[in-house]
Every structure is written in C-alpha cells, then in structure tokens.
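One structure below.
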Amino acid sequence: MEIPKTYDPREAEARHYARWEAQGYFAPEVNRDPEAPVYSIVIPPPNVTGSLHMGHALQHTIMDVLTRYHRMCGYRTLWLPGSDHAGISTQLMVERELRKEGLTRHDLGREQFIERVWRWKEQYGGEITRQMRREGASVDWSREQFTMDEHLSRAVREFFVRCYDEGLIYHGEGLISWCPKDQTALSDLEVDKEETKGALYYLQYPVKGSERRVTVATTRPETMLGDTAVAVNPEDERYRDLLGATITLPLVGREIPVVADEFVDPAFGTGAVKVTPAHDPNDYEMGRRHNLPQVRVIDQHARMTAEAGAEFAGLDRYEARGLVVKRFEELGLLEKVSDYEFSITKCGRCRTVIEPLISTQWFLKQAELGRAPLALVRERREPRFVPRVPYEKVYADWLENLHDWTLSRQLWWGHRIPAWYTEDGRTIVARTEEEARARARTDKLTQDPDVLDTWFSSALWPISTLGWPDETEDLKTFYPTSVLITARDIIFLWVSRMMMTGLKFTGQKAFNDVFITGTIFDKHGQRMSKSKGNGVDPMEVFDKYGVDATRLVLAQVESTDTRWNDNLVESYRNFANKIWNAARFCLLNSEGATVGKGFEGEPASWALHDRWIMSRLNRTAQTVSAAIEGYRFHEAVQTLYHFFWDDFCDWYIELSKSDVTAPDASPARNAARSRVLTVLEQALRLLHPFMPFITEELWQRLPGISTAQLHPAYAHAEPTIMLAAYPQADAALIDERAEAEVQALIELISRVRNIRSEMNIKPGETVPVLVGAPDETLRAVFTAGVPQIARLVRASEVLVQPSINGPRASARAVLAGGAEVAVPLEGLIDFAQERARLRKEQEKLQQEAAKLEGQLGNKNFVERAPAEKVAELRQRLADIAQRTGALTQTMEALAE
RNA sequence: GCCCGCUUAGCUCAGUGGUAGAGCGCACGCUUCACACGCGUGAUGCCGAAGGUUCGAAUCCUUCAGCGGGCACCA
C-alpha cells in the first residue's frame, strides 16, 4: 500500500464531502430508526451578500461538531441551512453596481430593480453556501431556505397580520432614527453609540419683557431653530421666577415658553435646557408632556428645511451649525464653547450620523411579546445559556425593558408591508392583496411602499423554515430546536425575538439551549473587520493548514475571546499529520489484521498494555462525550489530542511495536496488529466530529471496514465513518490498576532516559539496566515488561530483582513504590557529577516533604480535613521518605 | 453613571477549595526501520495588588489597579 509520509488535506476534503452530500447522509431521513431521538439546529442565516469570516467558521464548526456527534449517537439529526436577504446591505450592493452603469434604482423602477436584485442573488449570492461545503458542514441542503422564499414570505405576512389584528402592530407617528445616507428608518438596535469629542455651546436666550437672558447648553446648536420651549427643573430655585415666562428665540423670533420638567437635571450645564421636540428623543417626550409644537427644521437628507428660516434653508446640518454659532456670536449671545465628550449615534451599517426625525412608520409593541420569554427565563432559566454568565442576565434585563420596534424601512428589497390604503384613507392589513380587497370592499387600493426590517423575518426563522404557519411534519418533529449557536452581538436583535415568536405562535420555546461563541480578534486584540483589513480569511487558513486543523482550533476557542494565532493552527496541522502517520504505521503493518479483532476473551487475560489502552480509550470516550454534551469543546479537544498523541502514539504503539512488527507472520502478530487497528479505528470515530475529513480518509483504508461498524440506525447505508456509532464508554473496561501499573513502567522508562540524557550517553549506545523492586506485584509488572523496557530505553539487558546489587559506578534513580533503577556506567561516570545530580533530586523531594510535614504537623488540618485527605498526604510523605532514604543510601555508596 | 467579564510560563490560552497545566517558543541531544509537521531530555510562574474567609485559596468574599464588553434620556 502506497501512503505518503505527509498528509495532504486538499484532495480528501473535496472527495469526501461530495460523496456524503450525494449519498444524502446529511438529511435526517438517513436515520431509519423510528424510535430515534431528535436533534436539530437551525443555522443563523448569514447575509446573502456575505462571505465567510472566522466568526462564521467558528459557529459552523461548533454546530457541525454537535450535529455529527449526535448523528453518530443515533439521533435523527437535522442541521438546517439558509441565508438572509439582508435588506439594506443587498440593496446597497446592487445600487452600487447600478451606479457603475450610471443608473439609480429609480431609473429602473421598483419592479425591475427587485428583479435585478434577484438576478444578483442568483449570480453572486451563494458564496457562503459554497464555502460551507469546504468547511465540511453537514447541513441538509435539501432543506435550504432563503428568507425571501415564497413560503417564508407567507410566514412573515401571517406574523404581521396576526399582530396587527391583535393591536400589537400599529401605524403612526414617532421620533425614529433616520439614516440620511441610506434614506431609511432604523430600529434602535441597528444604530451604534460612539464616544466622540465635540463641543458644548452655551447659548443665551433673551427673556421677553426683561433684560434677563437664560443660558442653555447644547451639542447641536442648529437644532435651536426648531426649539419650542426652554425647560427647567421645577425645584430649581434659580429659575423659579421664570416659570411661565416667554423667551424670544434668537434668529427665529418665535416666542416660546419656559416649562418645568422633572427630566431636567439642575446640576448639569446651566440647569436650563432648550427643547427641540422634532429632533431629539428626550425633547420629543418632553414636548408631548407639555403639548409643545413640533417644528421640523431638518429633513431626510439632513439639510435644513424652509421652516428653519430663509437664511438656513437648504444648508447641510453641519453648515447650519457653523452659521448658527456665528450669528449668536455676532449677536453677543454666545456665552462660551467648551470641549465636551459625548456619545453620538451612528448607522450600524454605513456609520453616518443618525438624524432623529418625526416620521410615520409601522411599529411593533415588543413589550407584550416579551412577557412570555421573560417569565420563562426568570422562572425556569430557559433557554439555558452557555455560558450562563453573563448572557442569561443580559438577555433577561433586555426583555424587561422593551421599547416599540420600528418595523418599516424605506427600501425596495425586502418583505413589503402587507398594508393597503383605500382612497378614503382607510388602512387595510391583510395576508394578500385579494384578502385586502375583500376586507376593504373595494379594488382601489394602494399598497404601503415600505418593506419590513430584515430582522422581522429572522425572528420567525426556527418556525418558518420548518413550515409554519402550516403544521408540517418537520415542525412537529424538529421544533423546538435543540440549541442555537450564535455570537453575542445578536442576542437582542435575533435570539430574544425568536423566543418571542416561537412562544407566541407555537407555545414552545425556539430552542432548549443557547450557546454563545467567543469573538476572534486579530493578533493585536483588535476586532477583525473588512475596513481595517485585518481579517483572517478562513479559506486561506484552510488552504494552508487544512480544514480539520482549523476546525480543531475553532472548536477549542469555544466561548472565550481569543486572539487568532497561526501557530496554533500549525500545531493542530501537526496533530493531523501525527494521526496520518500513526495510521500509516498501522496500515503498513496490517497484513493479517482486521479492525474490531484482537481483544477477545476476558480483559483479565489481556496483556497489561492492552488492558491499559482500553482503559484509556474508554475513559477518553466518557470524558469527550460528557464534554461535547456540556459544550466544553476545549476539554474535548484537549482530551482527544492527548489520548491520541500521548497514550496511543507515544506509549501504546511503542509498547506494541515488537509484537506488531515481528518478522514472521503468526496468530500473535495478527492479533497485535488487529489491536492497534481497533484502537485506531475507535480513536478516529471519537475524532470525527472535529476532524471529519482525515478521519474519513483513513477510516476508508482500514482493513475489515463494513456496514457492521455503522450505527444500527444507518445499517442500510454504505460504510462511512460519519454514520459509524460514536464510541460509548464501557465502565467495565476502565481499569485503575492497569493505569497505575503502566504509569510505573512509564516512570521507569523515563528515569532511565533521563539518566542517559544527563550522562550524555550516545543515543545509539546500549546500556545494561538494573531494576530493584521489593514489591512483588510491581516486580512482576517490570519483569513482564522487560522486552518493552529494553526496546524503549535501548538497554543491552534489563535485570529485575527485589533489590539492586550493582556496581558502585552506576547512575541511579528512585521510583514510586520503593523501586529503584541503576544504570552501570563503568568508566563513564563522574562521581562528583552523579552525586550532584542525586543531591538536586533529593532537594526537590525535601522541599515537598517539608511542605507536607508542615501541613501534617498542623493540628487543625489533621482534625478538620477529611480523613482520606490526611491519609493521602501521609502516604505521599511516606513515599517521599522512602525515596529520600534510598537516595541517601545511593549517595553514601558513591562517597569515596 | 449602572452592570458584567478578564488579568496564570516569553506568546496564545486551559484550569471553581487539597502536589500549578497544554501548545508554541527556548536549551541540549538525535536522519532510532509511522511521522524532523518527528523523537528523547531539560529550563521557565510569590497564578494583577492588598486584605479577608478556611485546617488549606489561582480557585470563595471585599477593596484597588489595568484591559475589554454591555446598558443608560443627561442637554
């Protein structure tokens, strides 16, 4: 069999994915067990405009690990893929394309534009789905969904109409966040606050009929043109006499009242606040409380309106700011300008400064929808957040304080709002135009031009993708979903809203668990972003190190924030190569061997190292399963890594080598070869959820692979490791004693190697090794292991006796259980150096002994600590005393 | 302003009450018949600071410092 020395992932990756997909192994239907438990995940739908970044790769890896693990455990497993139409992003993308042709969307008109977007989507939209195949994501492509698909659009209309009919959705005027660049309303979750250095302007307003002036402070002087009041705190002595007074607004001449409002903080600024109800959220509320007029001085393009006055009309808001300040200065009404840091609100997409505007929009009263999820998380701690801290609290606190959700967007790409207006001004909300006509009793209807916030359809994702509002089999089978895997930044935008809709429409929560992944930063701890150009492209990492290695890194990132480091991927690439070569060794020595054989009969009849590896294997299976089920992927990866590399490669293969590579064929050789193959095969299964490609590649090459290895639920399928049964730990094979005994062997071998290294014995040179073991059992272990010890320490002979009776010129070491080892080094040994080496060791022991003695000498410890803990320390101290005694003797023997 | 998290070996990170860990890097030695993407050996930490609880603290509590998040209507 020809097997290259180095694993080349590229070829295997493409081949196996294509086969798995073609065979339908990703679909839940592959499971033929009618009693199978169900496991389901819906993917957080990536934007159709997007391409894969590390965050996706991280989420996908974790979803795939969970999916593959549960599939191998026999669950009817569904991981449902899809993508999001991403309203603003997609529309802007296509508009940018149009601009290159010198066109705007208005040149095309709505219908043609939308057609164009669809064409764009068909042509360029699928990038992430292609990239997911490269990742090895075992999603069921036959169930792939897009939020603008007809079925999902129907679900959106159903959601809208039902909420409208119940009075949860309303059409009305409100002060909303407006992006002057994207020309649309936004919800408060789509804007970001950003600390900014600016100025605080102190403007003086003359009081009518008096020489007095009231000073107000503002960061936005241009809005004074729309002021309709000045507010002070009712308790503020300084302004008490001004209550009810009238202010003559400079530049404008409008007469505005001084009102009292609790909102005003007397300690801040001057204690007097200008009130601009049409352009500030707080002032808007204050204006409503005091019935103040709303004067709109800024328009949708962030330019001043005619109402701002002839001098300002048409100016950009920042130009107007400069001019207002200049005029105040000229009038002697600019008291001062001070540096000031405040937070400014920006469009989450384009970073343009948001303009709060009064506008008629559609809103959803989220507070009502939020009640059920809030009760669920408060009373039953559902869904279960992992990690619980801090996310459960973040989620619950947000649900407790819900604001109305601005639903409408002034865009063309998206779900059109299912509302129609009659000529006589009535509003009709309906699922279809036909239904609207019936409800309106007229054909003369105009549909609302706006579309819905992209997150409105996302809110339905778990139920709509499974068929809602129809009561489909998929909905019955796979809902509620098992777990949601996502990043922390969309807990409000998405996670909470899926819980709202799920509970409202099905009475059941959308998912049992919510796993929040960590964030991957660049190596300097900066957030990766396109604009900074510091992103690491997962595809490039796949190319360089292989998908499996990258997945291991991502899985062990788990939920901690991590700085990306190629070195880590490299070390897992090395691990993949280690697996490859271990398998290579097994396969090069596989003649006469069969997977699954070699461990016949009672475990008690097996050789020590065979009992040991089975114990380690089962312990590993136990730990890894528990870790995956508890979302402790770091632990799972570490456990697998060390089992494979340390236990299997460094020790089991080495301890088995002489049997496996015996020159002549024999039943014993076949059995030994079968055993390494069997352990390898089980290890590959354990690794498969994390490293799907290399495990499949190697598994297919093992002799004796057949449908017998598949989980019973998949018995009809062709052999593939992805449908093999995940190894279940057999507690009966976990053998503490075998583990302790092999540990003693390992210690012996390590000590001799240490002596060889310290004494500068050439690697090619063999030495005799004398072992003294007063304990009969231990002596038997060493005696049985003589050929293995000899091989691993390159000994010319190994003599095991109750005590060592060797030459004075020996390098020695003491072992656990009163055992000793000596390497006679006639002529090679420097007695002074050897004494120094032993003294160093003794010092270490004495330090530890001193610590233990101190603790055991503490009356409180002996009295209060658990008895077994005290006994354990005594045992350890006794062992150290024994070693120290032996060392002392050895050193005395060396003395001249 | 309120809330939360993080601080462990040179680097990236594990580790929730009982002998401080991994990978990489570093030092020394090895073309040992699976693997130099390897093998063997070794060095490296008053676990951010100060208090406290406890027989015992990296781990629990308090305060502080540095870093990073989230929330908030302070003009």
Side-chain angles (χ1 to χ4, degrees), chain A residues 3 5-7 193 200-201 216-220 223 231 263-265 267-276 280-286 340 342-343 387 389-391 393-394 397-398 401 488-489 491-492 519 521 523 525 545 549 553 556-558 560-568 570-589 632 634-635 637-638 641-642 649-650 653-654 657 661 749-750 753-758 760-764 791-794 848 851-852 855-856 858-866 868-870 872-873 876 880:
Chain A
I3 306 172
K5 274 190 173 186
T6 308
Y7 171 53
K193 299 240 168 102
L200 192 56
Y201 301 87
V216 294
T218 179
T219 55
R220 300 196 59 195
T223 62
F263 164 78
V264 181
D265 175 4
F268 187 88
T270 62
V273 185
K274 61 189 275 309
V275 184
T276 322
D280 180 277
N282 301 316
D283 294 5
Y284 178 77
E285 292 302 324
M286 237 190 296
Y340 188 60
F342 60 105
S343 61
V389 178
Y391 302 114
K393 183 173 154 55
V394 166
D397 287 353
W398 189 75
N401 191 22
R488 59 169 165 261
D489 50 355
I491 291 177
F492 306 146
T519 307
F521 299 105
K523 63 180 169 187
Y545 300 104
V553 175
Q556 60 99 58
V557 160
E558 206 183 271
T560 44
D561 292 352
T562 311
R563 299 178 182 206
W564 186 260
N565 189 342
D566 269 9
N567 289 340
L568 195 56
E570 196 179 325
S571 73
Y572 284 115
R573 188 271 319 264
N574 295 350
F575 179 53
N577 196 239
K578 187 73 181 178
I579 296 171
W580 180 260
N581 277 289
R584 185 163 171 265
F585 170 79
C586 297
L587 290 169
L588 290 173
N589 295 287
R632 298 188 310 273
H634 187 277
E635 183 188 338
V637 170
Q638 291 303 310
Y641 183 97
H642 289 295
C649 294
D650 286 354
I653 288 184
E654 294 304 330
K657 219 165 217 175
T661 59
I749 291 164
S750 299
R753 284 171 170 174
N754 168 257
I755 287 170
R756 291 186 59 118
S757 180
E758 300 254 316
N760 292 317
I761 297 167
K762 295 240 173 348
R791 182 184 179 98
L792 295 180
V793 304
R794 308 204 122 224
E848 211 186 320
K851 218 163 117 183
L852 289 170
Q855 218 171 339
L856 287 165
N858 183 337
K859 220 174 114 190
N860 283 327
F861 171 72
V862 180
E863 278 169 12
R864 299 196 198 182
E868 34 330 339
K869 184 48 66 182
V870 177
E872 187 194 312
L873 290 203
R876 244 162 55 205
I880 288 171

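We name chains A, B, ... by the order of the sequence lines, and we start the count at 1 in each one.
- Residue A:Y545 contributes atom OH, which lies 11 Å from atom C1' of B:C37 at whole-angstrom precision.
- Remark: A:K578 pairs with no residue by the side-chain hydrogen bond (donor to acceptor under 3.5 Å, both in side chains) rule, at least two apart or across chains.
- Comparing A:A583 and A:I761 against RNA chain B, the residue whose closest nucleotide sits nearer the 5' end is A:I761.
- For A:Y391 and B:C71, the OH to C1' distance is 15 Å, given to the nearest whole Å.
- The side chain of A:P763 has B:C30 as its nearest neighbour among B:C30, B:A34, B:C71.
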Tabulated below should be each protein N or O lying under 3.5 Å from an N or O of nucleotides 2-5 of chain B; please produce it.
none

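- The side chain of A:S571 has B:C24 as its nearest neighbour among B:U32, B:C24, B:C37.
- Among residues two or more places apart in sequence or in another chain, the ring pair (Phe, Tyr, Trp, His ring centres under 6.0 Å) test is passed with A:F492 by A:W398.
- Side-chain proximity of A:I653 to the nucleotides B:C24, B:A34, B:C37 is greatest for B:A34.
- Ring geometry for A:F575 versus A:Y572: interplanar angle over 60°, hence perpendicular rather than tilted (30 to 60°).
- Checking B:C24, B:C37, B:A75 against every side-chain atom of A:F263, the shortest atom distance belongs to B:A75.
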Give each protein N/O atom lying under 3.5 Å from an N/O atom of nucleotides 12-20 of chain B, with the pair distance.
residue	atom	partner	partner atom	Å
B:C13	OP1	A:R563	N	2.6
B:A14	OP1	A:T560	OG1	2.8
B:A14	O2'	A:H634	ND1	3.1
B:G18	O2'	A:K869	NZ	3.2
B:G18	N2	A:Q855	NE2	3.4
B:U19	O4'	A:R876	NH2	3.2
B:U19	O2	A:E848	OE2	2.7

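- To the nearest 0.5 angstrom, A:Q638 atom CD is 6.5 Å from A:Q556 atom CD.
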How does RNA chain B read in dot-bracket, base by base from 5' to 3', with Watson-Crick or G-U pairs under 3.5 Å and | used when the partner is on another strand?
(((((((..((((....[..)))).(((((.......))))).....(((((..]....))))))))))))....
Using atom names, set out every protein N or O paired with an N or O of nucleotides 39-41 of chain B below 3.5 Å, distance rounded to 0.1 Å.
residue	atom	partner	partner atom	Å
B:C39	OP1	A:K578	NZ	2.7
B:C39	OP1	A:W645	NE1	2.7
B:U41	O3'	A:N754	ND2	3.3
B:U41	O2'	A:S757	OG	3.3

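- Between B:U16 and B:G69, the distance separating the two C1' atoms is 23 Å to the nearest Å.
- Not one side-chain nitrogen or oxygen of A:N282 sits closer than 4.0 Å to the OP1 or OP2 atom of B:C74.
- Atom-to-atom, CD1 of A:I579 to C1' of B:C37 comes out at 12 Å; the value is rounded to the nearest Å.
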Decide side-chain contact (heavy atoms from CB on, under 4.5 Å) for A:E285 and A:F263; before the verdict, give the C-alpha distance in whole Å, the side-chain angles of both, and the deciding distance to 0.1 Å.
CA-CA 10 Å; A:E285 292 302 324; A:F263 164 78; over 6 Å; no
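- Look at A:K762 and you won't find any side-chain N or O under 4.0 angstrom from OP1 or OP2 of B:U32.
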